[in-house]
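These numbers come from a predicted model, not from an experiment. All chains are named by letter (A, B, ...) in the order of the sequence lines, taking the proteins before the strands, and each is independently numbered beginning at 1.
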Amino acid sequence: MFKRKNWLAALLALVMVLSLAACGGGNSGSGSSGGGDAQQPSGGDAGQTAPADPAAGDLTEWEQSSGIYETGETDEELYQKALEEGATVTLYSISSRCTKVAEAFMEKYPGLECVPFDISTNDLLEKVTREYEAGSPTADVVHIKDQDGSMYLEYVANKIFYNYKPADIFAHIDPLYTETTTPLYIELTQLFYNTEAYPDGSPVTNLWQLTEPQWKGKIMMQNPLDNLAWGSWITGFCVGDEPQRLADAYKELYGEDLVLSDGCENAGFEFLKRLHANNPIFTASSDEIAESVGTPGQSDPPVGFCASSKLRKAADNGWVFAPVNLVPDTGIPAVNTLYIVEGSDHPSAAKLLVRFMMGGVDGDTSGYAPFNTLGGWPVRDDLEPAEGSTPFAEINVAPFDANEMYYNYNTVRDFWQQLG
Amino acid sequence: MKPNEQNFSKSRRLKNQIKAVVTNPYNVIVLVAIILLTYLIVFPLVDMLATTFKLAQRDLRSVPGGVAGEFTFYYWQRLLASDMSMNLLIKPLMNSLVIGAGVSVCAITLGSVLAWLMVRSDLPFKPFFSLAVIIPYMIPSWVKSQAWLSMFKTPRVGGAPGFVASIMLKAGMSTETIETVLAPIAYGQIAVIIVLTLHYYAYTYLLVSAALNSINSELEEMGEIQGASKGLILRKITLPLVLPAMLSAVILTFSKAIGTFGTINYLGSPVNFRTLSSELYSNNRSQNTQTAFAMAILMICIASLSVFINQRLIGSRKSYATIGGKGGRSTPIGLAGWKPLITLVLIVFFIVGIIMPVMILIVESCMMTEGTYSLSNFTLYYWIGEGNPNIMEGVPGIFKNSNFKLSLWNSLKLTFVNGVFGTIFGQMLGYICAKGRGTFHGRLVEQLVFIPYLIPSVAFGGIYLSMFSKDQTIFGVTLIPALYGTFALLTLTSVVKHLPFASRAGTSNMMQISGELEEAAAIEGAGFFQRFVKIVFPLSKGGFISGFMLIFVSIMKELDLIILIMTPTTTTLPYLAFQYQNQNCPQASDCVAIVMFSIVFLVYALANIFGDADLAKSMAG
Amino acid sequence: MSKIVLTNVDKFYGKNHVLKNLNLTIEDGDFMTLLGPSGCGKTTTLRVVSGLEKPQNGSIHMDGKEIVNAAEAYFAPPSQRNLNLVFQSYALWPHMTVFDNVSFGLKIRKESSDVIAKKVASALERMQIGEYAKRYPTELSGGQQQRVAIARAIVSEPRLLLLDEPLSNLDAKLRVDMRSELKRLHHETGTTIIYVTHDQVEALTMSTRIALYRKGELVQVAPPLELYDNPCNLYTADFIGNPSINFIKGAAQVTEDGMTVDSAMGQVTFARADMTPQAPKSGRVEVTLGLRPEQLTISRTRDDEHRVEAHVYSGMPAGSETLVTVRVGGALVTVKELGSTHYGSDETVYLSFNAKKANVFDTASENLIKYCV
């Protein structure tokens with residue numbers, strides 16, 4: 001009995017020492033995590049110079065071992081390498097359709113395992129960043145949208161994400177899209193109206209009409225402050241050629257020049273200011289907008305901006321709505337993009353998955369099929385959009401410039417925030 | 001040791017002192033607890049604070065000449081002293097305070113009245129009512145928000161109008177009139193306060209009914225003998241005695257109400273009603289992590305201030321709680337002529353506030369397309385469908401879905417494991433708080449343990465992800481291996497986040513066990529652990545189960561906290577519900593929500609029947 | 001059986017000085033009662049001896065072995081002191097049967113099960129509760145619970161038994177029964193007992209020695225009768241005895257041979273031989289006479305020249321005795337007379353007392369200056 005007591009005491013003393021040590025460990029941990037940011041390539045120059053494929057001598061260890069800049073491999077070569085390097089690949093995706101992609105992938109490439117994880121944009125970035133900083137990257141491939149240019153100017157520039165550019169597939173894509181991304185498909189933000197209440201077509205044809213009094217409190221959208229996608233969307237109006245296009249559209253509609261009010265640098269800001277003044281109704285989700293606009297049996301339904309992808313859900317839900325091709329446009333396109341994550345242990349499988357999702361080259365497009373729906377447009381010239389789609393070329397879209405978007409994002413966000 | 005030794009040796013004194021500290025497991029446990037809590041709670045907090053002073057790469061574009069990671073006042077300056085402050089901070093803050101105060105007042109009133117009726121009056125159907133009254137705590141608040149909208153939604157926001165609006169439309173009223181009448185009720189401040197009140201009155205109910213239970217009715221009877229009227233007794237005797245409980249309820253309600261997001265997102269968005277918490281979530285989702293953390297810190301400060309004020313108010317009154325704690329007779333007070341009316345009001349209240357949201361959920365889960373109320377539209381597809389490519393993109397009904405089974409299994413594992421661990425730690429910490437009442441270490445532990453309650457879940461999850469994704473080492477020795485992706489990290493995070501509840505339950509539980517029972521065992525030679533196992537634990541079994549229930553219910557609903565820590569193989573039911581909602585399959589999402597609710601309710605009912613669990617008891621103290 | 005020596009023990013709760021430099025020796029086999037009003041430190045003394053509290057200063061020895069040495073921060077754990085304690089609240093574990101409650105300590109000590117069974121049976125038998133072994137404490141009456149608590153304390157045959165107001169929760173009749181049982185227990189086992197009570201009757205009837213407390217300090221330690229007959233000061237005199245002792249103010253002329261006291265009770269002379277060593281040797285001293293009610297005799301006639309005239313204030317016959325309160329001079333004096341006598345209000349009576357039996361206190365120092373002999 002007595003002996004056991006002493007033994008217990010010794011044990012407890014040990015526990016104490018260990019817990020003290022644990023405390024110390026925490027401190028040291030905090031030190032290193034604090035320094036984590038510093039270890040990244042300095043962001044100061046990242047923005048100025050877009051990364052180019054470096055010469056072979058400058059490659060990092062991972063770049064070399066993964067052959068990320070090697071773009072000539074065939075599916076079969078990659079499949080064999082993938083089987084050797086662990087036969088598994090993890091996909092983080094902002095789309096719930098990633099589950100189907102994974103199933104199709106595993107069917108086509110037996111022996112490989114594809115783990116899909118459907119997660120929202122912010123959580124995805126938070127998760128990938130934290131995992132990367134902690135040195136335990138889990139995702140091999142990331143499917144996300146580069147809407148404000150930050151994917152390119154932060155993640156790609158800092159070599160956290162890599163654009164894998166398979167030459168044979170890229171040959172079929174407009175270089176406009178491949179300059180800063182490996183694009184998957186294009187989505188749009190469009191204005192929807194209720195076709196039952198307006199059988200003769202859209203009551204609005206010019207974007208500026210939405211700033212008129214009769215639409216006060218009858219425009220549905222999401223709060224641009226709520227997420228990156230809508231924040232980018234409002235930024236798109238204020239940068240590049242878009243303000244001029246807006247000014248032209250104003251003149252076309254009213255026959256006179258737009259007069260900018262105080263604090264509005266260009267027609268884009270002026271439009272946002274007038275739109276905000278018209279009390280748009282903010283909703284918690286994009287689906288709510290589709291439902292509000294598209295529910296049949298309404299006498300005086302609102303119009304609403306929402307993602308073009310809601311079109312594919314119209315039939316399921318019995319919504320009666322249609323998008324309208326406004327003058328000059330309804331903002332920037334949302335390009336879905338694919339990245340391979342730095343440090344991935346399965347680069348070949350990741351490459352294979354990227355190729356597969358982009359539609360491959362062998363005529364089997366089962367990897368792209370889940371994304372080829374109404375409201376989504378392929379970037380490849382050799383893939384047909386879903387049946388019933390308006391050809392992309394006929395739709396008015398604002399120009400997208402990653403650099404312009406990125407550097408003006410905060411300014412436009414703060415401008416909107418000040419509006420109230 | 002020689003007897004009658006007069007002068008003493010200092011070295012022996014030191015040796016004895018160290019030995020006394022080290023060999024007393026209580027001291028060791030307190031020490032370990034404080035170290036662990038510091039590491040697991042203070043560290044994340046400091047990390048959050050540090051983040052707000054560190055320039056993020058994405059904001060280099062706003063800070064000319066800045067370097068990523070360097071020290072900056074940019075975020076605080078933008079938040080506190082810039083053109084944005086009004087819209088970013090002041091207005092939302094005011095709204096938060098209004099919501100916090102409004103919900104506190106309403107929830108405290110409603111909860112206290114219900115508690116008094118259940119405990120002290122001769123209300124009929126008490127067993128039924130007292131079970132029903134806890135249900136709001138189990139229904140996620142977004143379900144209630146949806147139910148609210150389907151009741152009061154106005155035509156202006158499009159879609160199918162709410163129930164009331166469609167009646168008004170049928171009655172021939174113009175949309176403008178409906179708008180003027182309904183809009184103030186449907187969205188914004190009033191709606192948020194009402195819905196949140198219906199959610200959070202449960203805290204007050206639990207705390208106050210526990211306090212009322214411990215009051216000997218002789219105290220009230222004495223007042224009656226002295227000739228006081230019932231109203232006077234209520235005001236002068238009962239109310240002061242339960243005041244400490246009510247004040248602690250204010251803290252819980254107020255901190256939760258200013259921290260809530262879902263309801264404000266649902267009911268505030270249409271009229272652009274924003275609070276500090278919705279700004280926080282917006283910023284967080286827009287990758288403005290630093291601003292979000294700064295707001296979180298402000299919220300922690302506000303909540304801490306309310307805790308401080310509360311402690312000042314309670315002060316010496318705390319001791320009231322034990323008055324008449326011997327649990328004498330309790331004679332119900334007659335409601336007399338009011339009885340039928342009050343019963344009726346209660347029944348209506350439960351139907352509208354509790355049963356209706358659940359029913360709406362169930363009905364919706366059985367509708368092929370939403371909002372179409374025809375018999376042909378009813379289906380069990382979302383429950384047991386085989387996977388029709390035309391519906392839900394070919395995903396089968398939840399009971400045929402392997403994802404669902406995986407999530408169900410994960411959720412059950414997570415809730416049970418966390419429930420057990422959380423409760424054990426909670427009881428241990430409760431033991432420290434109860435035994436250490438009034439001492440420095442007791443207060444320290446009590447304060448530390450409350451902090452996770454105030455840290456927003458998303459922030460908490462993110463910090464834990466960073467902390468534990470790599471090995472925690474000291475002098476090259478690995479203490480904690482990288483936990484990322486393991487079930488252990490999920491458990492650790494949820495346990496720590498739910499410690500405030502767990503330890504609160506533990507404290508009240510331990511307060512009920514007289515110190516002499518333990519001392520009697522100490523005299524018999526039982527060591528600390530023997531006492532804990534043989535005396536303290538068996539005596540606290542009931543409270544243990546109640547504490548378990550509190551954590552269980554809360555973790556079952558948890559999403560924000562663990563979504564960052566989850567990996568594809570560790571998904572849980574709330575995640576699945578969230579995913580279905582994302583895929584625009586509210587019906588399937590409803591099915592999952594119903595399953596979650598059923599599990600919680602079943603476990604609660606079982607615990608109630610077999611384990612004499614009483615949520616009310618675990619909240620007292 | 002053991003001897004306990006407390007030396008210079010100080011105990012503080014925060015700034016509250018509860019035990020003030022306490023020195024107390026409890027002889028082997030004593031039935032020591034710690035007596036005093038609530039909050040005077042007697043229970044604290046018990047807890048310090050038991051090891052549940054750690055004093056800030058002083059030391060305690062048990063049979064010559066040091067169990068507490070505050071200077072060296074040495075405190076033997078309760079379980080190593082070979083003692084047991086009966087709590088005022090009994091502190092029976094409600095989730096255990098009577099048997100489990102009583103056998104708990106033996107099981108902790110890893111005694112074999114047949115030894116446990118035998119010892120528990122014997123303890124329960126001794127407390128006459130053998131038949132309740134399988135019951136839970138809540139199923140027992142207060143008196144039975146009390147017996148279980150004592151059985152639990154004596155089953156391990158401790159050398160020292162500590163009892164903390166064990167009878168205060170019992171009704172009057174049970175209390176008297178338990179008193180005699182505790183006394184028998186002490187007699188049979190010979191265990192040293194420390195007994196805490198605020199009830200002086202319990203103290204006087206049961207103890208071999210009484211330690212009287214006043215605000216954390218010991219006032220007097222003495223066998224019961226000595227405490228009753230010769231309280232060391234006014235406080236003790238007043239605390240001990242029911243009905244209370246009568247105090248009558250007076251003035252004394254002290255000489256080498258003794259002193260002469262003038263008071264409402266007339267002029268009385270006391271011999272030097274009966275006086276305490278501390279008593280003044282000469283001069284005039286303000287004194288207080290201490291007269292126990294039973295030392296006074298009352299008469300309706302002035303049959304003796306020393307009798308003093310008094311007027312009945314109230315008379316309370318109680319069968320075996322009669323308590324009469326009378327007014328003498330300005331003071332009220334209680335007289336206890338055997339038998340039942342009825343006195344009318346304001347009736348004139350005559351009092352006298354035996355000067356040998358009377359106590360005299362120095363009013364200024366409050367200390368005893370004349371013994372009762």
Side-chain angles (χ1 to χ4, degrees), chain B residues 1-27 325-327 435 437-440 442 512-544 612, chain C residues 5 7-8 13-14 47 50-54 59-96 100-110 137 149 152-153 155-156 158 161-162 164:
Chain B
M1 273 160 268
K2 284 176 234 151
N4 300 322
E5 195 177 50
Q6 290 305 313
N7 43 4
F8 64 96
S9 113
K10 279 194 176 156
S11 65
R12 253 207 313 268
R13 176 184 171 88
L14 194 67
K15 196 190 89 190
N16 280 328
Q17 276 172 331
I18 293 173
K19 200 175 148 203
V21 171
V22 176
T23 53
N24 185 347
Y26 176 75
N27 293 332
K326 283 178 180 163
K435 297 286 171 243
R437 264 232 157 155
T439 64
F440 174 73
Q512 290 162 0
I513 301 171
S514 146
E516 290 191 344
L517 291 178
E518 244 198 292
E519 287 175 353
I523 296 235
E524 298 281 10
F528 177 82
F529 292 105
Q530 275 171 318
R531 294 203 298 271
F532 207 84
V533 172
K534 294 212 163 123
I535 309 290
V536 178
F537 179 70
L539 286 175
S540 59
K541 208 175 61 196
F544 195 92
D612 62 80
Chain C
V5 182
T7 317
N8 303 327
Y13 288 116
R47 292 172 63 86
S50 73
L52 293 172
E53 299 285 355
K54 293 174 180 175
S59 62
I60 302 177
H61 290 82
M62 194 167 178
D63 286 339
K65 186 170 171 278
E66 187 178 63
I67 55 170
V68 168
N69 182 345
E72 288 183 0
Y74 173 73
F75 305 98
S79 53
Q80 283 174 21
R81 299 185 183 191
N82 201 356
L83 48 78
N84 217 314
L85 171 62
V86 175
F87 288 88
Q88 184 176 8
S89 68
Y90 314 151
L92 296 178
W93 299 301
H95 60 297
M96 297 184 189
D100 290 337
N101 261 287
V102 176
S103 62
F104 184 85
L106 299 175
K107 282 183 186 153
I108 295 281
R109 253 160 252 143
K110 303 245 185 305
R152 182 175 71 182
V155 70
S156 55
L161 186 58
L162 309 171
D164 185 6

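The parts of C:L83 that come within reach of chain B are both its backbone and its side chain, each placing non-hydrogen atoms under 4.5 angstrom from that chain.
Between the CG atom in C:L52 and the CD1 atom in B:I523 there is a gap of 4.5 Å [rounded to 0.5 Å]. The distance from atom CZ of C:F75 to atom NZ of B:K19, rounded to the nearest 0.5 Å, is 13.0 Å. C:I108 contributes atom CD1, which lies 8.0 Å from atom CD of B:E524 (distance to the nearest 0.5 angstrom). The distance from the NZ atom of B:K534 to the CH2 atom of C:W93 is 10.0 Å, given to the nearest 0.5 Å.
In terms of heavy-atom pairs under 4.5 Å with chain B, the best-connected choice from C:P94, C:S156, C:A149 is C:P94. No other option in C:Q88, C:R152, C:K107, C:K54 has as many heavy-atom pairs under 4.5 Å with chain B as C:R152.
The minimum heavy-atom distance between C:H95 and B:P538, with the atom names listed, is CD2-CB, 3.2 Å. The two residues C:A73 and B:Q17 come nearest to each other via the heavy atoms CB-CG, 3.2 Å. The minimum heavy-atom distance between C:S79 and B:G525, with the atom names listed, is CB-CA, 3.1 Å. Across all their heavy atoms, C:F104 and B:A521 have their closest contact at CE2-CB, 3.8 Å.
Taking a 6.0 Å sphere around CZ of B:F440, one finds it holds 12 or fewer heavy atoms contributed by other residues, nucleotides or ligands.
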